[in-house]
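Input: a single structure, listed below in structure tokens.
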Amino acid sequence: MTHGFRCILAAALILLTAGFLLLWFQGRPVARPSSGDYAAVTGPCSLRFPRDHGSHPDYKTEWWYYTGNLRDRDGRPFGYQLTFFRSRIIPPHEEADTPQPASAWRTPQIFLAHAALSDIGGKTFSHNERIARGTLDMAGAATETEGTRIFLRDWSVTIGETAHRLTASSPDFEIELTATPLKPPVPHGEGGYSRKGAKRESASCYYSFTRLATTGTVRSGAERFTVEGLSWMDHEFSSDPLEDDLVGWDWFSLQLEDDSELMLYFLRQETGGFSPASSATFVPATGAPVHLSAGQIALQVTDTWKSPATGAVYPAGWRLRVRPLSLDLAITPRMADQEMETPESTDVTYWEGSIAVSGKKAGGTPVSGTGYVEMTGYETEFDAPM
């Protein structure tokens, strides 16, 4: 997700499997370090491309996240997600203090990946997960001739000069897509410095490709489909956990048919309501992106859905108002059950799914679109043990 949402997610969740990861680090006892032992995000990120499409290994966590809404030649709708997480399990200054001789198995980096396909026409939701050490060609993030490649075994994303190429497969589904940016990368917050709390270091470096024309194939069960549509890409890195008063978040990416986009995140407080650090970015069809503060956006839940698998109750409909843009939107899931359970990697349950958008913009003009929503902290309170 991030949704530094998904950065925080990966950082917190990888520690839930700490015993396993310590075995990976050659049995050396590694104390759970504080976030202050890692590179911190405290101000402008000075993002440059293509350099910053790559890994930032001194930060504790990082993710590359793709979602999209697609249709086959007959109009059958699909949604998909493909996310790669990187987590550093020891601080940079401790990396040299390891037993000698060095082992090829030893690494400070762990990679995780989640993938999902929402076959909306077929009414099925399939997902899969991976985890591996960042060594011995099992997983990694590297700059190659064709661009930045992030991979975990046979799953990969390559961010090239003109296109992004995505591949992931599992017994239940498969994704083979090419996504071409229609707009340049969009930094969120203050030049990519995206606040997630009251403290200056409660932040991430965060940018998105908000509109990528996408073609390729997906497989749902035994059926394969040629598809096209739009994708969204987020890249984020950070080292700090959620602040103590937060229990989870709701993140939205909206792609409207007037060629504008909207990213929003709402950080949910333990006492109810949203943190003042919640914010949004509006990307017009042409022109510069607009940063929006929490006071300029309002989100109201209009429906709920209870998971038959976990018992979690999630929002399943929203009214979104963006006052400076005179936007008034209704948001609805395109499938109710798009809940992700990840017992083999992060061991966290969250809802990540395709949504439909309709409503009005300035002047009362109708507007519609599609997008994705990620929600955490509904099955259990989201905690970030650092």
Side-chain angles (χ1 to χ4, degrees), residues 1 6-7 9-30 33 38 53-66 80-92 94-116 126-160 164-177 233 235-237 239 340-348:
M1 313 171 112
R6 297 171 197 83
C7 286
L9 174 69
L13 303 181
I14 195 70
L15 289 172
L16 298 178
T17 54
F20 185 37
L21 298 180
L22 295 184
L23 288 176
W24 282 3
F25 202 66
Q26 296 290 299
R28 175 175 177 259
V30 179
Y38 298 86
H53 296 324
S55 179
H56 301 78
D58 287 347
Y59 292 85
K60 182 154 184 52
T61 51
E62 184 165 20
W63 53 263
W64 298 259
Y65 163 83
Y66 290 80
Y80 82 90
Q81 180 219 156
L82 178 59
T83 307
F84 291 85
F85 304 93
R86 178 197 58 76
S87 182
R88 176 180 266 278
I89 59 174
I90 61 166
E94 291 187 12
E95 188 173 352
D97 184 24
T98 59
Q100 297 296 324
S103 166
W105 289 89
R106 186 177 298 124
T107 175
Q109 307 287 352
I110 303 300
F111 284 78
L112 307 91
H114 294 169
S126 305
H127 58 93
N128 204 276
E129 57 188 320
R130 300 282 177 92
I131 183 169
R133 314 172 201 182
T135 188
L136 295 175
D137 290 328
M138 292 187 291
T143 300
E144 300 179 349
T145 303
E146 296 182 354
T148 297
R149 179 172 177 259
I150 305 98
F151 68 97
L152 202 168
R153 300 191 183 97
D154 59 335
W155 294 10
S156 69
V157 166
T158 299
I159 305 171
H164 302 212
R165 291 176 174 82
L166 293 65
T167 180
S169 62
S170 77
D172 296 324
F173 69 96
E174 187 174 325
I175 297 165
E176 292 280 350
L177 301 172
M233 181 268 202
H235 183 194
E236 194 163 2
F237 54 94
S239 292
M340 297 277 293
E341 295 181 81
T342 61
E344 297 178 8
S345 59
T346 58
D347 198 28
V348 160

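Quick note: residue numbers are just sequence positions, from 1. Just the heavy atoms: all of them, side chains too, but no hydrogens, waters or symmetry mates, feed the values below.
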So, using salt bridge (charged side-chain N to carboxylate O under 4.0 Å, His left out) as the criterion, who are the partners of Arg149 when residues are at least two apart?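 Applying salt bridge (charged side-chain N to carboxylate O under 4.0 Å, His left out) to Arg149 gives Glu144.
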Qualifying residues under salt bridge (charged side-chain N to carboxylate O under 4.0 Å, His left out), relative to Glu129, sequence neighbours excluded: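 For Glu129, no residue satisfies salt bridge (charged side-chain N to carboxylate O under 4.0 Å, His left out) once neighbours in sequence are set aside.
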Under a 3.5 Å cutoff, is there a donor and acceptor pairing between the side chains of [X] and [Y]?
X: Glu62; Y: His235; result: yes
X: Thr158; Y: Glu146; result: no
X: His164; Y: Tyr66; result: yes
X: Gln81; Y: Thr83; result: yes

Output, in order, the C-alpha distance, side-chain angles, deciding distance and verdict of side-chain contact (heavy atoms from CB on, under 4.5 Å) for Met138 and Phe111. CA-CA 9 Å; Met138 292 187 291; Phe111 284 78; over 6 Å; no
Quick one: pull up [atom1] in [X] and [atom2] in [Y] and give me the separation to the nearest 0.5 Å.
X: Tyr38; Y: Thr61; atom1: OH; atom2: OG1; answer: 10.0 Å
X: Arg106; Y: Thr135; atom1: CZ; atom2: OG1; answer: 10.5 Å
X: Tyr65; Y: Phe85; atom1: OH; atom2: CZ; answer: 9.5 Å
X: Ile175; Y: Ser169; atom1: CD1; atom2: OG; answer: 9.5 Å
X: His53; Y: His56; atom1: NE2; atom2: NE2; answer: 10.0 Å
X: Ser156; Y: Arg165; atom1: OG; atom2: CZ; answer: 11.0 Å

Any idea which heavy atoms bring [X] and [Y] closest together, and the distance?
X: Ile131; Y: Glu344; value: CG2-O, 3.7 Å
X: Leu82; Y: Ala115; value: CD1-CB, 3.9 Å
X: Arg86; Y: Pro57; value: NH1-O, 3.7 Å

Check for me whether the distance between the ring centres of Phe173 and His127 falls short of 6.0 Å.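 Here the rings of His127 and Phe173 have centres that are no less than 6.0 Å from each other.
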Any Lys/Arg nitrogen of Arg153 or Asp137 sitting under 4.0 Å from an Asp/Glu carboxylate oxygen of the other?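 No, this pair does not count.
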Member of Asp58, Ile110, Thr107 meeting the side chain to side chain contact (heavy atoms under 4.5 Å, CB included) criterion with Arg88: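 For Arg88, the side chain to side chain contact (heavy atoms under 4.5 Å, CB included) test succeeds with only one of Asp58, Ile110, Thr107, which is Asp58.
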